[in-house]
Number of protein chains: 2
Amino acid sequence: MGYSIKTIAQKSGLSQYTLRYYEREGVLPEVSRDENGNRCFHDEDLELISLICCLKDTGMPIADIKQFISLSKEGHSSLPEQRRLLQEHKVHIDEKIKFFQTFAEKVEHKIAYFASLEEQAKAENN
Amino acid sequence: MGYSIKTIAQKSGLSQYTLRYYEREGVLPEVSRDENGNRCFHDEDLELISLICCLKDTGMPIADIKQFISLSKEGHSSLPEQRRLLQEHKVHIDEKIKFFQTFAEKVEHKIAYFASLEEQAKAENN
DNA sequence: GTAGACCTTAGAGTTAAGTGTAAGTCAAAC
DNA sequence: GTTTGACTTACACTTAACTCTAAGGTCTAC
């Protein structure tokens, strides 16, 4: 039977607007329709949406996601290219993790510094 | 003497446009001027810009950075509030790191899956 | 004394990624 | 049989974060 757009919005955490927007933009491949022309999502769609969210949330611009998805439509011949794009993105994610770790430390130091200033101010008031 | 906006743009990696925009928006506190009205940055400014970039690049919206910076102007009394904001953001960063690590794994699996499909296709062609 | 490199402001334009609205179709419930 | 609710499209609007342009001031080098 398939899922309605409402159900998929709930399951994916994306809004109905966003889902339609993604399909319009080619971020999501064309979704099949029921006899009334209503979108009819299936489990594969949900799986793909989950991958799309993962790419998006790790900073891939939707234009790039679109490119990746459009390769899927070309079948097996584009597997190496798809894999290459993912590998490139994986490098990106790893860099970001390192970057975030460095900045987590920096913020940590700043917090400690502020705490020490507060201690100092307290001591001066006594 | 202080640094010109051009120098600071080079040192910080932000564009001159962005630096002016940040000052206009209150993301950056008002920068002192020379006798011609030209901005005259100092090392403290550079340090603050580095913190701002760190907050921004770890996902803090500039509206929030602005709030944080405006507290700095209030002196010692706002230290606890500033510290609270940083701690909140630190939690955010840590969550993001975990999230990214999970998705790095997911992408890794996907890559391995694609590689296995490629192997399979190659085998079928022989 | 003027050309060029630097700076200034005000305000308009851009881009990405949605978000919302209007007008309409369709099926089920009352 | 009409109201309600979920869906459709086309298109306009929004928001964040810049980015650019126009018009002009000032200093330095020739």
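Per chain, numbering begins at 1; letters A, B, ... match sequence-line order.
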Could I get the full list of salt bridge (charged side-chain N to carboxylate O under 4.0 Å, His left out) partners for [X], not counting sequence neighbours?
X: A/Asp94; result: A/Lys90
X: B/Glu88; result: B/Arg84
X: B/Glu105; result: none
X: B/Arg83; result: A/Glu118

Side-chain heavy atoms of B/Arg39 within contact of B/Arg20, under 4.5 Å
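Of all side-chain heavy-atom pairs linking B/Arg20 with B/Arg39, at least one is under 4.5 Å.
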Could you work out, with side chain to side chain contact (heavy atoms under 4.5 Å, CB included) as the rule, every residue matching B/Pro29, not counting sequence neighbours?
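For B/Pro29 the side chain to side chain contact (heavy atoms under 4.5 Å, CB included) partners, ignoring immediate neighbours, are B/Leu48, B/Ile69, B/Lys73.
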Run the side chain to side chain contact (heavy atoms under 4.5 Å, CB included) test against A/Tyr22 and tell me which residues pass, sequence neighbours left out.
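A/Tyr22 satisfies side chain to side chain contact (heavy atoms under 4.5 Å, CB included) with A/Leu14, A/Thr18, A/Val27, A/Leu28, A/Ile52, A/Lys56, A/Ile62 only.
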Considering just the side-chain nitrogens and oxygens of B/Tyr22, establish if one lies under 4.0 Å of OP1 or OP2 belonging to D/dC18.
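Yes, within the criterion.
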Kindly write out the residues that satisfy side chain to side chain donor-acceptor pair (under 3.5 Å) with A/Glu119, not counting sequence neighbours, or none if the list is empty.
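Not a single residue meets the side chain to side chain donor-acceptor pair (under 3.5 Å) criterion with A/Glu119.
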Applying side chain to side chain donor-acceptor pair (under 3.5 Å), name anything that partners B/Asp43, two or more places apart in sequence or on another chain.
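With sequence neighbours excluded, B/Asp43 shows a side chain to side chain donor-acceptor pair (under 3.5 Å) to B/Tyr3, given in chain and number order.
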Main-chain N/O of B/Ile93 paired to B/Thr58 side chain as donor or acceptor, under 3.5 Å:
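Judged by distance alone, no pair lies under 3.5 Å.
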Qualifying ring pair (Phe, Tyr, Trp, His ring centres under 6.0 Å) pairs, either residue in residues 84-116 of chain A, two or more places apart
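Sorted pair list: A/Phe99-A/Phe103, A/Phe100-B/Phe100.
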Please tell me which of B/Tyr17 and B/Met60 maps to the more 5' nucleotide of DNA chain D, matching each residue to the nucleotide holding its nearest heavy atom.
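Looking at DNA chain D, the more 5' nearest nucleotide goes with B/Met60.
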Using atom [atom1] of [X] as one end and atom [atom2] of [N] as the other, report the distance to the nearest whole Å.
X: B/Ile62; N: D/dT19; atom1: CD1; atom2: P; result: 11 Å
X: B/Lys66; N: D/dT15; atom1: NZ; atom2: P; result: 15 Å
X: B/Leu19; N: D/dA17; atom1: CG; atom2: C1'; result: 14 Å

Which is the 5'-most and which the 3'-most nucleotide of DNA chain C that has an atom under 4.0 Å from a heavy atom of chain B?
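For DNA chain C, the relevant span reads C/dC6 to C/dT9.
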Hey, can you pull the residues of residues 43-59 of chain A with a non-hydrogen atom under 4.0 angstrom from DNA chain D?
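Hits under 4.0 Å, by residue number: none.
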Nucleotide by nucleotide, nucleotides 5-14 of chain D touches protein heavy atoms under 4.0 Å in the pattern (B base, S sugar-phosphate only, - none) -SSBB-----
